[in-house]
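Numbered from 1 within each chain, the chains take letters A, B, ... in sequence-line order.
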Amino acid sequence: MVKLYDHKKIEKKWQTIWEKKGVYKTLNNSKKKKYYSLIEFPYPSGDGLHVGHPRPYIGMDIISRKRRLEGFNVLYPIGWDAFGLPTENYAIKTGKDPRMVTKKNTDTFRRQIKSLGISFDWSREINTTDPKYYKWTQWIFLQFFKKGLAYKTKKDINWCPKDKTGLADEEVVNGCCERCGTAVEKREKEQWMLAITKYADRLDKDLDTVDYLPQIKLGQRNWIGRSEGAEIEFKISTPSGVQHPTIVKVFTTRPDTIFGATYVVLAPEHELVQKLTAQIKNWDEVEKYIKETKNKTEIDRNVEDKIKTGVELKGVKAINPATKEEIPIWIADYVLATYGTGSIMAVPADDARDREFAEKFVLPIVENYTKAGFEDFGKKITTFKLRDWVFSRQRYWGEPIPVIYCEKCGMVPVPEKDLPLILPKVKNYQPTDSGESPLANISKWVNVKCPKCKGNAKRETDTMPNWAGSSWYYLRYTDSKNKKEFASKKNLKYFTPVDWYNGGNEHTTLHLLYSRFWHKFLFDLNLVPTSEPYKKRTSHGMILGEGGVKMSKSLGNVINPDDIVKTYGADTLRLYEMFMGPFDQSVAWSTESIIGSRRFLERIWNLQYKIQKNKKYVEFEIEKTIKKVSSDIEDMKFNTAVSTLMIFINEIGKLESISENAYEKFLKILSPFAPHIAEELWQILGHQKSINLESWPVSDFSKIQDEEIKIAVQINGKVKAEIMIMLNDDEEIVKKKAFANKTVLKQVVDKEVRKVFFVKNRLINIVV
RNA sequence: GCCCAGGUGGCGGAAUUGGUAGACGCGAUAGACUCAAAAUCUAUUGAUGGCAACAUCAUGAGAGUUCGAUUCUCUCCUUGGGCACCA
């Protein structure tokens, strides 16, 4: 009797059974080798899941399921990165408690993700907004604080006037807020900083030790911006020829061009400018310029772009150590205070920017100068573009920074026994223009006793950026319920590092770099066993709306996976998302094309009525299929893996029957892609145990011989005929067969054969 | 401006890394089944010419290397993405 493929019934049935039996629960104490696969945990937005979310989850699910069948104890966890602005802005608008909003959103996300049959170990679920979790985020922050790597400083920061919060450099895109697009202003504010620059060198170098996609390594390297050069000292003189005691250090990657250096430029913020006030004759003009640049926003600097401005420091000169000549000193905002030494020697003959500046202000340009040896002047130094990480946010929905200001004792960390420092409830979530967090309004919370002297003290009211919780979450999964430590040493030792981490390209310079930094810091404190968190990192492409535009609520082109699961089933959705295009590239969604994946599953379903004893042809086909599918999964070429499965089914469709042996192997390699239908068909075969407990088939060609294959015959590089040969036939045999072919004969008969090229099992090319 | 990654049928995309270009899927056309439609099955489906076997042209454009190039080299056009006065 033929049964219809009822995806609703089958998928619900197996999801319930798997959960009940805990099939995907990861053991902490297993004799098996571990495998840790990781996806970037989602931000549970109010819009719910859209079809783009699950793509990486499905991809890593396929890897994880294959690893389980290969005998690994697989850790494949999930959680929620739930602090952040969208939830807070929603709370401001509606007056609802962000905790409730988060609860509702995560409930929706959880239900939706569960409906896809992804083999997450839900028992390890974490949530960054849970005090039991952020206790440890705060604890790690205190370790940074104690080591002096979290420090407070007054500085110009990127301020978003709309979100009313400071931003990290990484969160500023083209001078605008990454999130809302508002032009970023400069504001002088006391800010918490994390000294990521202390790790710049190792963050760069250790990329050699990990297996990241080349473009990811490149992205990180460019952002860190390591640059080797020299620091050269220029002495300063006053016009009477008197040497001034100060010197200016310039940074250059081209010390060999020093004979061409005709002036020196300092960044307007350079400290030396203030020291030379007495000697500078045009101080008014200089001071005015300094003020002007300070008031320029990032965007102003961009718009005015390549138009160079600057002022000469009259009354002082620098002495070129190579030519011994006196050369002018300028200040200009094309020289950045934060890079190198904040000052340069200008070589207008060699550098386009210096040339432009020299031409505008009529400064000497010396062409054809002598090249100096690299080592002759100055000393070698390495500098980085990377800057320290602005770690304060003046917003509500984040981890409170656990520090207390005491009038007597200064900054005092909240004692570890008082952690978590719970984020208090407030009446109003609205941030203030004064740049203070809404927490500042809760006097009961702000005014505390100093933990040291018990005197009057105030709490820090800034919160952490939402990158904080995600900088270490992968460690928590190894031991998510631990109350004494962020994770036990034992579990960390067994599970870390993450073996394979897949995520979005947009996190290359943010999350990925931050979490490597935190990890290295914890490693230095001997709190984690490895110096790198992730062994391997790959990335996935986005799913775009129909027609290739971004899916967005405002365009109304968002596809909700619920609808697809309902009409076609989770297995169809999974298969389609893997089949639609290369995993690492963006692909446009097409509801029209889904039907192909569904038809494929139906054909598999109907195959159960064709199972029979051995047939040789099918044996060869299945071994080929296993080989290709196995290697495609490892390369994340899921699209061609699915197509290989389809080809197999098409071949079988032409035959009367399929051997039970081949069929079982097929179900096993299908199961990572379409776990529900594979499990159902497995059970129909009479198996008591889950297909999840089987082992991954290894392709075996040893029994296969005398296979007949088709190859091409070319004449002068053009395909003229096809001939049948036996697999691995050698050149002589193939040549004979080729010349026996009628069409070949016709073309060759009256011509001289000059040469024959033979590629085994592929083609033969006759040059005439 | 600089650095990456792309450009292949009507559409999404394959091509064992120098070896039969267009796998697989969608769509389309015709036929079978049906009172009919849907579903399913069968066949065809890069373009041009021809009744035909077949021929010619085709992987953004142009050159080159090679018996043979989507693949390698150079120049240019173009689409995404990243960085953007980083000395």
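Residue contacts shown for A:E722 include a base, since a base heavy atom lies under 4.0 Å away. A:K755 comes within contact range of no nucleotide atom at all, as no heavy-atom separation falls under 4.0 Å. Residue contacts for A:I647: at a heavy-atom cut-off of 4.0 Å it reaches the sugar-phosphate backbone alone, with no base atom in range. Counting any heavy atom pair closer than 4.0 Å across all strands shown, A:I766 reaches no nucleic acid atom. At a threshold of 4.0 angstrom between heavy atoms, the contacts of A:P214 with the nucleic acid are absent. Base contact: A:V759 has a heavy atom under 4.0 Å from a base atom. Using a 4.0 Å heavy-atom criterion, one finds that A:K718 contacts the sugar-phosphate atoms exclusively. Across all strands, A:S593 comes closer than 4.0 Å only to sugar-phosphate atoms, never to a base (heavy-atom distances).
The nucleotide B:rG12 finds its pairing partner in B:rC24, both defining distances of the Watson-Crick or G-U wobble pair being shorter than 3.5 Å. Within the shown strands, B:rC41 is the pairing partner of B:rG31 under the Watson-Crick or G-U definition, both distances less than 3.5 Å. Within the shown strands, nothing qualifies as a pairing partner of B:rU17 under the Watson-Crick or G-U definition with both distances less than 3.5 Å. In this structure, B:rU75 and B:rA61 make a Watson-Crick or G-U wobble pair, each of the two defining distances being under 3.5 angstrom. Checking B:rG1 for Watson-Crick or G-U wobble geometry (two distances, each under 3.5 Å) identifies B:rC83 as its partner. Nucleotide B:rA53 forms no Watson-Crick or G-U wobble pair with any nucleotide shown, as no partner meets the under 3.5 Å limit on both distances.
Nearer the 5' end of RNA chain B, as judged by each residue's closest nucleotide, is the contact made by A:G581, out of A:G581 and A:S597. Remark on RNA chain B: of its neighbouring residues A:Q714 and A:M646, the 5'-side contact belongs to A:Q714, judged by nearest-heavy-atom nucleotide.
Under 3.5 Å, the side chains of A:D571 and A:H7 contain no donor-acceptor pair of N or O atoms. Residues A:E40 and A:H511 bring no donor and acceptor atom of their side chains to less than 3.5 Å of each other.
Phosphate contact (OP1/OP2 of B:rA15, side-chain N/O of A:K637, threshold under 4.0 Å): present. Side-chain nitrogen and oxygen atoms of A:N716 include none within less than 4.0 Å of the OP1 or OP2 phosphate oxygen of B:rG68. A:Y339 has a side-chain polar atom (N or O) that falls below the 4.0 Å cut-off from OP1 or OP2 of B:rA87. Phosphate proximity of B:rG25 to A:R599: absent, as no side-chain N or O sits under 4.0 Å from OP1 or OP2. For the OP1/OP2 pair of B:rA23 and a distance below 4.0 Å, the side-chain nitrogens and oxygens of A:N650 include no atom meeting the criterion. Regarding contacts with the backbone of B:rA87, a side-chain N or O of A:S227 is found under 4.0 angstrom from either OP1 or OP2. Phosphate proximity of B:rC41 to A:K654: absent, as no side-chain N or O sits under 4.0 Å from OP1 or OP2.
A gap of 22 Å separates the P atoms of B:rA28 and B:rC33, to the nearest Å. Here the separation of B:rA58 from B:rU42, taken at their C1' atoms, is 30 Å to the nearest Å. B:rC24 and B:rG13 are spaced 9 Å apart, taking the C1' atom of each and rounding to whole Å. Between B:rA43 and B:rC26, the distance separating the two P atoms is 14 Å to the nearest Å. Nucleotides B:rA14 and B:rG64 are separated by 31 Å at their P atoms, to the nearest Å. Separating the P atom of B:rC11 from that of B:rG60 is a span of 14 Å, rounded to the nearest Å. Look at the C1' atom in both B:rC54 and B:rA61: the space between them is 31 Å, to the nearest Å. Taking atom C1' in both B:rC77 and B:rA63, one finds a spacing of 15 Å when rounded to whole Å.
Taking a cutoff of 4.0 Å between a charged side-chain nitrogen and a carboxylate oxygen, A:R254 and A:D256 qualify as a salt bridge. Under a 4.0 Å N-O distance rule, the pair A:E602/A:R599 does not qualify as a salt bridge. Taking a cutoff of 4.0 Å between a charged side-chain nitrogen and a carboxylate oxygen, A:E623 and A:K627 do not qualify as a salt bridge.
Anti is the conformation of B:rG7, whose glycosidic angle sits further than 90° from 0.
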| request: Determine, step by step, whether A:I365 and A:T262 satisfy the side-chain contact (heavy atoms from CB on, under 4.5 Å) criterion, reporting the C-alpha distance in whole Å, the side-chain angles of both residues, the deciding distance to 0.1 Å, and the verdict. | output: CA-CA 7 Å; A:I365 301 169; A:T262 54; 5.9 Å; no
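Considering only side-chain atoms of A:A712, the nucleotide from B:rG27, B:rC4, B:rU20 that sits closest is B:rU20. Taking only side-chain atoms of A:L336, from C-beta outward, the nucleotide of B:rA14, B:rA21, B:rA87 with the closest atom is B:rA87.
No hydrogens or angles were tested; on distance alone, a donor-acceptor pair under 3.5 Å links the side chain of A:K308 to the base of B:rC85. No hydrogens or angles were tested; on distance alone, a donor-acceptor pair under 3.5 Å links the side chain of A:N765 to the base of B:rC67.
Because its NZ or CZ atom is not both nearer than 6.0 Å to the ring centre of A:F357 and within 45° of the ring axis, A:K308 does not count as a cation-pi partner of that residue.
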